[in-house]
Chemist: 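Supplied in structure tokens, the structure appears directly below.
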Amino acid sequence: MSGYNLPKTYDFSAIEEPLYKWWEERGYFKPWNDPNLPNFDPSHKPFVISIPPPNVTGELHLGHAMFVAMEDLMIRYHRMKGEPTLWVPGTDHAGIATQLLVERELAKEGLRREQLGREAFLKRVWAWKEKYGGIITRQIRRLGASCDWSRERFTLDEGLSRAVREAFVRLYEKGLIYRGLRMINWSPGLRTAVSDLEVEYSEEPGTLYYFKYVLDDDPNTYIPVATTRPETILGDTAVAVNPQDERYTSFIGRKVRVPILGRLIPIIADSYVDPGFGTGALKVTPAHDPNDYQIALRHNLEIINIMTEEARINEAGGPYAGLDRFECRKKLWEDMRAADLVIKEEPYTITVPRSQRGGEIIEPRLSEQWFVRIKPLADAALQAVREGRIRIIPDRFTKIYYNWMENIQDWCISRQLWWGHRIPVWYCDDCGAMTVAREDPTSCATCGSPHIHQDEDVLDTWFSSGLWPFSTLGWPEETPDYKYFYPTSVLETGYDILFFWVARMIMFGLEFTGREPFHTVYLHGLIRDEHGQKMSKTKGNVIDPLEVMNQMGTDALRFTLLVGSTPGNDINLSLKKVEANRNFANKVWNAGRFVIGALDSCPPAPQSSPQWTLADSWIWARLQNLLREVERLFESYQFGEAGRQIYDFFWSEFADWYIEIAKLQLAQGGDRAFYTAYTLVRVLDACLRLLHPFTPFVTESLWGHLKQAAQSKSELLAPKEGWAEALIIARWPEPHPPEDWEEEKTEHFAMVQDIIRAIRNVRTEKKVPPARKIPAVIVAGDHAEMLYEQSQIIAALAGVSTEELQILKDRATRSGNEIALVARGIEIYIPLANLIDFEAERARLQKELAEAEQQISRLEVLLAGPFAERAPAQIVEKERQKLETFRETAARLRDQLRALDQ
RNA sequence: GGGCGGAUAGCUCAGUAGGUUAGAGCGCCUCCCUUACAAGGAGGAGGUCAUGGGUUCGAGUCCCGUUCCGCCCACCA
């Protein structure tokens, strides 16, 4: 049996890499993936996914593994459905993250980027990208990602850069991009602006500092003020109170002195101030607080910036100039205490804005930046989802999306970095006018002067990612790819970047292409450790997907991620789960070995028409049921549930029952053996196809062996059209319409199963040695004939001796010297007189009888009530039959109890 | 301050057409190296589906309230 030449344990490490190479070389990842078919068929609707581009310098983590598993699943499924399928891969330049990495490298050499200058620095980054940029894509291949690498893109590629320019200029020309002085979030460490989304707020224990603002006209009187950031006192330009606040009415319009600095600032009235909070008086620092800035605008206050780009105090801070913001806080407070300006300190929980990258504390800062006027874009994006042109799965994120879109603020898109798309704006040194252009200009568009210089800033990375679904296909050119593959189909990613990325793609897609960039958004959850903790290096609970793949194989990891998750819900991953799925891959492998072995030894194709056994029919019916279920589940994006059902079918029906029975049928030889092999092949083949999107490697590998074995056997086993040259491009199995016989065969087989289980159960209970065959009498009424045909199977699987198995329609006498069982109304007697403990038997039978009677009365009540009239006839009938069976069972149990008493 | 998710077996979780005896994996107990697989096979123990109400012939599943856990959004010094 050549099937047994395959290794006994599935050896993924020998299989995965060559298989992936083969797929790629054969061109299966391309949309026209069958090498035997013509190259382009525009009449087919394509299925397209753009990869969420990982950071070019990133390293594989479970988030990547998750999206690859999900997207590759969808891609492989649609490919097998025969659709032209394209998965566009690529990477993101990831401005901040990458620049930070390179700057850190420089720091090791004692260098800062300013010392190198822009050109030289960018050269370094590109060199870095060339060196490490391939790592992540290699790792993604390792996961089995079947993307079309010939179409790989990078956000800083020439084509994509052109798209970015085009987008910027179009928005600018429409008046949707503007430059202005605004309060933005400033990252002192990176010395750049960041967007609202890049700031995370954390509740932290802090202090509320109370101090005195002394009145200029009455040095003995002061107005008490509280702040969480004393250093900002240096930039105060007013103290505000609520106009309704009677405590302070007399102060309004008078002046106070800024502590230490001695500047005179006014006390003003503004209804923004909450009289109930703190002291009811608010210090106003327009340059360092967004609310204060608004107040300043209303009252025309002076705006004093007291901090440098690195959040040190500048010359406006007088004696504190040069100090770091937190040093200053300490020093200033001490000085104020010495000057008797301190009232008290109170512990206070403050909401600290921190950078998403690195966690440093963000400073609100007034500065000149570029913004996208987002409202018009957001409105269109809102419409697209409201009108169902884009569907978000799971549905609950739709609300979150609405909420964000409805309250969206203008998007700060300029970054004071060097690594990224430089803003295509030039300033004239002579007339000062701006030139915004698609191509680098040589002169000022307004005055014609050649003395122009480009804006120093680059664009937010997400600006280019927002164009990803169409920029990767060639936009703004009307390339064949763009025309055919755009819009894409499904956008799949983690819910954590719904706003960062998904929302922006929708806005940009609608704005620039006039179409929704995809019709469906599928969001997966975050991956946590086995107890739901976030994975982090400090906690030491990080699972490295590469490690997992090395240990258990790619299929095991993929299957775990897919089956262990439901849309939008976080998944708690543990190695135990992966291990269980590695075992599954091994199970599949071994079932395959068995089937291939069966093929090798089975007789040639018969002339006669097939005669199916109950088991054959049953497994076929169950397979059809599975195909229907999987189809339904895939349609509704319930991939995890689909995987689970395939798993269950494969293991507990196909392997546990059909294969066991197949051994008996094969042993009969002749036509029976052939048709058994035929069924084995059919079912295994279908399972491999169904599993392929989940576990591509073990299925492809096994399928190749199976195909070979089947083809060398007979045309019947391997009809040409069914067996493509690779599983990856083989057809997805379609279910047959349900047929009448299916229900009956399923029912009958369930009976056989229950009888076998009942006997096995009693064997274990009575501690019958496994090898010992026992006698049994089955009394089955109308089912006797059907069961008689299954007697071999019952005997073999239940450990009953074939000679001593009787299957009767009825039996006049019952002896007390038998163990009596009832399964589905069928009686089973095991004459094991020496093993019978009469008391225990009576107790057991009585317990079973009680259970049956309880069910009977429950069902009687149910069927006598309104249920019978109101519930659908089918459901009622089902319950009626159940009641019948229980009555039957109860009657048999009573017989047996009586027999026991004789 | 708003909004969302979770609460099901010792652990981690499925259960998304409401159908009446609630499932899996791991762990646990008994037995078995049976010629695909010990990464396996057979049998078993274990759950008042967080809680209180409601809708319905019927609720783990739908509606309302409560408690605990987690998350997102929001400019309160």
Side-chain angles (χ1 to χ4, degrees), chain A residues 1 3-4 6 8-10 183 201 208 225-229 232 240 272-274 277-279 281-285 289-294 348 350-351 364 394-397 399-400 403-404 407 495-496 498-499 525-526 530-532 552 563-574 576-577 579-598 632-633 636-638 640-641 644 647-648 652 655-656 659-660 663 757 760-765 767 769-771 797 799 851 854-855 858-859 862 865-872 874-876 878-879 882:
Chain A
M1 289 204 205
Y4 307 149
L6 297 173
K8 205 170 151 180
T9 302
Y10 170 55
M183 183 69 64
Y201 293 87
L208 193 54
V225 176
T227 180
T228 55
R229 296 188 294 157
T232 60
Y272 168 79
V273 181
D274 174 3
F277 187 87
T279 63
L282 171 72
K283 62 189 272 312
V284 182
T285 321
D289 183 284
N291 297 309
D292 294 6
Y293 181 62
Q294 292 308 316
Y348 185 69
I350 47 177
T351 312
D395 186 51
R396 71 187 137 92
F397 284 101
K399 240 198 220 167
I400 297 174
N403 189 264
W404 187 73
N407 299 296
Y495 65 73
D496 53 326
L498 175 62
F499 305 144
L526 271 31
E530 59 185 310
H531 297 292
M552 322 240 202
V563 163
S565 67
T566 20
N569 284 355
D570 292 353
I571 154 171
N572 295 357
L573 187 73
S574 75
K576 288 267 182 207
K577 285 188 195 172
E579 205 179 316
N581 291 319
R582 176 207 53 184
N583 295 353
F584 177 59
N586 194 48
K587 187 78 183 179
V588 172
W589 179 257
N590 273 294
R593 284 177 69 224
F594 174 80
V595 174
I596 291 164
R632 177 179 74 81
L633 292 166
S636 50
Y637 292 86
Q638 299 178 64
E641 183 61 19
R644 254 166 258 133
Y647 177 106
D648 287 341
S652 25
D656 285 351
I659 286 186
E660 289 310 314
K663 288 174 184 171
R757 285 197 193 103
R760 281 172 173 173
N761 181 311
V762 112
R763 290 183 62 112
T764 306
E765 234 171 68
K767 305 212 188 306
L797 298 190
E851 270 165 30
Q854 197 193 328
Q855 291 298 333
R858 183 181 66 81
L859 286 165
L862 181 68
F867 171 78
E869 290 129 50
R870 318 271 296 251
Q874 235 186 334
I875 304 290
V876 177
K878 224 166 101 187
E879 293 310 307
K882 244 188 245 171

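This structure is a prediction, so every number in the text was calculated from the model and none was measured. Values below: every heavy atom of this structure, side chains too, minus hydrogens, waters and symmetry copies.
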Chemist: Can you tell me if the side-chain N/O atoms of A:Lys767 get under 4.0 Å from OP1 or OP2 in B:rG43?
Modeler: no
Chemist: How long is the straight-line distance from CZ of A:Arg582 back to CG of A:Asn586, given to the nearest 0.5 Å?
Modeler: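 Rounded to the nearest 0.5 Å, the CG-CZ separation comes out at 7.5 Å.
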Chemist: Flag the pair A:Leu498 / A:Trp404 as yes when at least one side-chain heavy-atom distance between them is below 4.5 Å, and no otherwise.
Modeler: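 The answer is no, as the side chains (C-beta and beyond) never meet within the 4.5 Å cut-off.
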Chemist: Would you check if A:Phe867 and A:Ile875 make a side-chain contact, meaning some heavy-atom pair closer than 4.5 Å?
Modeler: yes
Chemist: Look through every strand shown and name the nucleotide pairing with B:rU30 as Watson-Crick or G-U wobble, where both distances are under 3.5 Å.
Modeler: B:rA42
Chemist: Determine which nucleotide pairs with B:rU55, using a 3.5 Å limit on both distances of a Watson-Crick or G-U wobble pair.
Modeler: none
Chemist: Less than 4.0 angstrom between a side-chain N/O of A:Arg582 and OP1 or OP2 of B:rA39, yes or no?
Modeler: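 Checking A:Arg582 against B:rA39: no side-chain N or O falls below 4.0 Å of OP1 or OP2.
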Chemist: If B:rA7 has a Watson-Crick or G-U wobble mate with both distances under 3.5 Å, name it; if not, just say none.
Modeler: B:rU67
Chemist: Quick one: look up who B:rC37 pairs with, Watson-Crick or G-U, both distances under 3.5 Å, and put none if it's unpaired.
Modeler: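 Matched B:rC37 with nothing under the 3.5 Å cut-off.
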Chemist: If only atom types and distance count, is the side chain of A:Asn403 paired as donor or acceptor with the main-chain N or O of A:Lys399 below 3.5 Å?
Modeler: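 Flag not set: sc A:Asn403 to bb A:Lys399 has no pair under 3.5 Å.
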Chemist: I'd like to compare against my own output: the B/S/- annotation of nucleotides 68-77 of chain B with a strict under-4.0 Å heavy-atom distance to protein.
Modeler: -----S-BBB
Chemist: Please give the distance between the P atoms of B:rC68 and B:rC28 as a whole number of Å.
Modeler: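 Comparing P positions in B:rC68 and B:rC28 gives a spacing of 36 Å.
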Chemist: Pick the C1' atom in B:rU12 and in B:rA17, then give their distance to the nearest Å.
Modeler: 27 Å
Chemist: Between the side chains of A:Tyr495 and A:Asp570, does any donor sit under 3.5 Å from an acceptor?
Modeler: yes
Chemist: Using 4.0 Å as the upper bound for N to carboxylate O, is an ion pair formed by A:Glu879 and A:Lys882?
Modeler: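 Looking at A:Lys882 and A:Glu879, the cut-off is met.
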Chemist: Looking only at atom C1', what distance separates B:rG15 and B:rC49, rounded to whole Å?
Modeler: 11 Å
Chemist: So what's B:rG47 paired with, Watson-Crick or G-U wobble, going by both distances under 3.5 Å?
Modeler: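 Across any shown strand, B:rG47 pairs with none.
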Chemist: Taking the same atom, P, in B:rA24 and in B:rA9, what whole-Å distance lies between them?
Modeler: 14 Å
Chemist: For each nucleotide in nucleotides 5-12 of chain B, reading 5' to 3', give B when a protein heavy atom comes within less than 4.0 Å of its base, S when such contact involves only the sugar-phosphate, and - otherwise.
Modeler: S------S
Chemist: Determine the Euclidean distance between corresponding P atoms of B:rG46 and B:rC29; express it in Å to zero decimal places.
Modeler: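 Approximately 16 Å lies between the P atom of B:rC29 and that of B:rG46.
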Chemist: Record whether the side chain of A:Lys587 comes under 3.5 Å of the base of B:rC37 through a donor-acceptor pair of N or O atoms.
Modeler: yes
Chemist: Determine yes or no for a side-chain-to-main-chain donor-acceptor pair under 3.5 angstrom, with A:Asn590 supplying the side chain and A:Lys8 the backbone.
Modeler: yes
Chemist: Pick the C1' atom in B:rU66 and in B:rA39, then give their distance to the nearest Å.
Modeler: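 That atom pair is separated by 47 Å.
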Chemist: Counting only side-chain nitrogens and oxygens, does A:Arg858 get under 4.0 Å of the OP1 or OP2 atom of B:rU20?
Modeler: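 For B:rU20, OP1/OP2 do not have a side-chain N/O of A:Arg858 under 4.0 Å.
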Chemist: In whole Å, what separates the P atom of B:rG58 from that of B:rA42?
Modeler: 40 Å
Chemist: Reckon A:Ala580 touches a base, only the sugar-phosphate, or nothing at all at heavy-atom distances under 4.0 Å?
Modeler: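 Sugar-phosphate, no base atom in range.
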Chemist: By nearest nucleotide on RNA chain B, pick out whichever of A:Tyr10 and A:Arg760 is the more 5' one.
Modeler: A:Tyr10
Chemist: Among the nucleotides B:rU16, B:rC31, B:rG43, which one has an atom lying closest to any side-chain atom of A:Gln638?
Modeler: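 The listed nucleotide nearest to A:Gln638's side chain is B:rU16.
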Chemist: Closest approach to the side chain of A:Thr566, judged atom by atom: which nucleotide of B:rU16, B:rA36, B:rC32 is it?
Modeler: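 Closest nucleotide among those given: B:rU16.
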Chemist: Only pairs with both distances under 3.5 Å count, Watson-Crick or wobble alike; so what is the partner of B:rU61 in this structure?
Modeler: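 Pair assignment: B:rU61 / none.
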Chemist: Pick base, sugar-phosphate or nothing for A:Glu660, based on heavy-atom distances below 4.0 Å to the nucleic acid.
Modeler: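 The residue A:Glu660 makes base contact.
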Chemist: With C1' as the reference atom in both, quote the distance from B:rU8 to B:rG23 in angstrom, rounded to an integer.
Modeler: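 The same atom, C1', in both gives a distance of 10 Å.
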Chemist: Compare all side-chain heavy atoms of A:Val876 with those of A:Glu869 and state whether any distance is below 4.5 angstrom.
Modeler: no
Chemist: Base, sugar-phosphate or nothing for A:Pro872? Non-hydrogen atoms, less than 4.0 Å.
Modeler: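 Base, at least one base heavy atom under 4.0 Å.
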Chemist: Establish, with yes or no, whether the OP1 or OP2 oxygen of B:rG25 is under 4.0 angstrom from a side-chain nitrogen or oxygen of A:Lys576.
Modeler: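 Checking B:rG25 against A:Lys576, no side-chain N or O comes under 4.0 Å of OP1 or OP2.
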